[in-house]
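I have placed the structure first, in the form of C-alpha cells, so that the comments after it can refer back to it.
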Amino acid sequence: MNTFSSYRNLNNALRNRKGSLGLVPTMGSLHTGHLSLVEKAIKENSNVIVSIFVNPTQFDNKSDLKNYPQSLKNDLKQLQKFNNVFVYVPDIQDLYPKNTISKKYNFGRLGKIMEGESRVNHFNGVATIVEKLFKIFKPNFAYFGEKDFQQLLIIKSLLKQKSLKVKIISCPTVRENDGLAMSSRNKLLNKKERKTATVLYRTLLEAKRLMNSSKPPEIEKTISTKFSNIKDIDLLYFKILTDGSFSDLKNLKSKENVRAFIACNIGNVRLIDNMILE
Ligand code: PAF
C-alpha cells in the first residue's frame, strides 16, 4: 500500500503503469462493504486507487459534516493488507484549491426526488467531487455500492452529460447478520438505535412480501402509516419505483427492476437502504 496526499504525486507514481486503472472513491470510515469494492477492483484491474476524502460540498448540513465518522488510522490499517493499492488521502486544498463550493448540475427528476429532495445540493456535491476524481485519475473502472442506488444513477447520468469514459461497476450492498446495510453512519448509532435500525431491512422485506397481494401505492401507504405509529424513528421516504429511471411501475422497461427505497432518521442518524422487489 502506498499513500499519497497530492494527486500530482500519485499520478506521477502511476505514469508508467501498465494495464487498467480501477478507482474506489470513499469517504473513509471503511467497513466490509468498502473492502468488498476494493477486492473487486483488485481482481479486475492491474492498478487500484482508493480515495479517502470526506467531501464537504455534499453535506447540506454543517453538523452532519462535523459528526461524520472519521477513522483514518484504522482505514489505513485495513488497507495495509492490499500491498498493490494506491491510497489517495488529500487535504481539502488538493481538491478544492480555490473555494469549497459545488458545481451546479441538472439531473432532472433523478436529482429532485428522495435523496435529492431531502438533502438539498447533495448530488451537486457528489457529482462535483466524482467529476474531479474522474478527470484527475482517468480510471477505466470506478466502483460504487448499490446501497447508494440513487447516487449510482446520478453518476451514470454525470458520465453521459460530461462524456467521461469511465465504466461504472455497481456492487451489491453488504449487510450485517441482522440485515442492516453496512454504512459508515452505523457507527453513530447507540446500542438501542442500532437495534432499531434493522427496521429498514425488515420494511424492505415486508414490501417484497406485500407485492404478491397489493399495488405499490397501497404498500407505500401501509408502510408510511405503520411508521407514523413508531416513535424514535422518523420515516423520510419510502418509495417503490423502477430502478432505471425512477418512474412509475407502469413505465417499467424490460431491463429495469422494481425497487423499494427507504430513508429514516433514527435519533440523529440518517440511514438509507433499498432492495429489488421483483
Ligand atoms: O458514496 C460515497 O461515499 C460518496 O458519496 C462518494 C461517492 C465517495 C463521493 O464523496
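For ligands, and for the atoms within them, numbers begin at 1 and follow the listed sequence. Each residue takes its place number in the sequence, starting with 1.
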Item checked: Ion pair check, R194 and D178, cut-off under 4.0 Å -> yes
Next item on the list: Give the atoms of ligand 1, by number and element, whose distance to some non-hydrogen atom of P25 is under 4.0 Å.
Entry: 8 (C)
Notebook entry, point to check: To the nearest 0.5 Å, how far apart are OH in Y237 and CD in E117?
Noted result: 10.0 Å
Next item on the list: Tell me which protein heavy atom sits closest to atom 1 (O) of ligand 1, plus the residue, atom name and distance to 0.1 Å.
Entry: Q151 NE2, 2.8 Å
Note to self: Check E278 with R259, please: is the shortest side-chain N to carboxylate O separation under 4.0 Å?
What the structure shows: no
Next item on the list: With sequence neighbours left out, write down each residue that passes side-chain contact (heavy atoms from CB on, under 4.5 Å) with D148, or none if nothing qualifies.
Entry: Q151, I272
Notebook entry, point to check: When you measure from atom 3 (O) of ligand 1 to every protein heavy atom, which one gives the shortest distance, and what is it?
Noted result: M27 CG, 3.7 Å
Item checked: Side chain, backbone, both or neither: the part of T26 lying under 4.0 Å from ligand 1 by heavy atom -> backbone
Next item on the list: Would you mind listing which atoms of ligand 1 come within a distance below 4.0 Å of any non-hydrogen atom of I129?
Entry: 9 (C), 10 (O)
Check: Any idea which atoms of ligand 1 are less than 4.0 Å away from a heavy-atom of F144?
Finding: 7 (C)
Item checked: Pair R185 + D64: basic N to acidic O under 4.0 Å -> yes
Next item on the list: Can you pull out the closest protein heavy atom to atom 4 (C) of ligand 1? Residue, atom name and distance to 0.1 Å, please.
Entry: Q58 NE2, 3.6 Å
Contacts table for residues 136-144: side-chain donor-acceptor under 3.5 angstrom, sequence neighbours left out:
from : atom 1 : to   : atom 2 : distance (Å)
K138 : NZ     : K135 : O      : 3.0
N140 : OD1    : L21  : N      : 2.7
Y143 : OH     : E44  : OE1    : 2.8
Y143 : OH     : N45  : ND2    : 2.8

Notebook entry, point to check: Counting heavy atoms only, which part of F53 comes closer than 4.0 Å to ligand 1: side chain, backbone, both or neither?
Noted result: neither
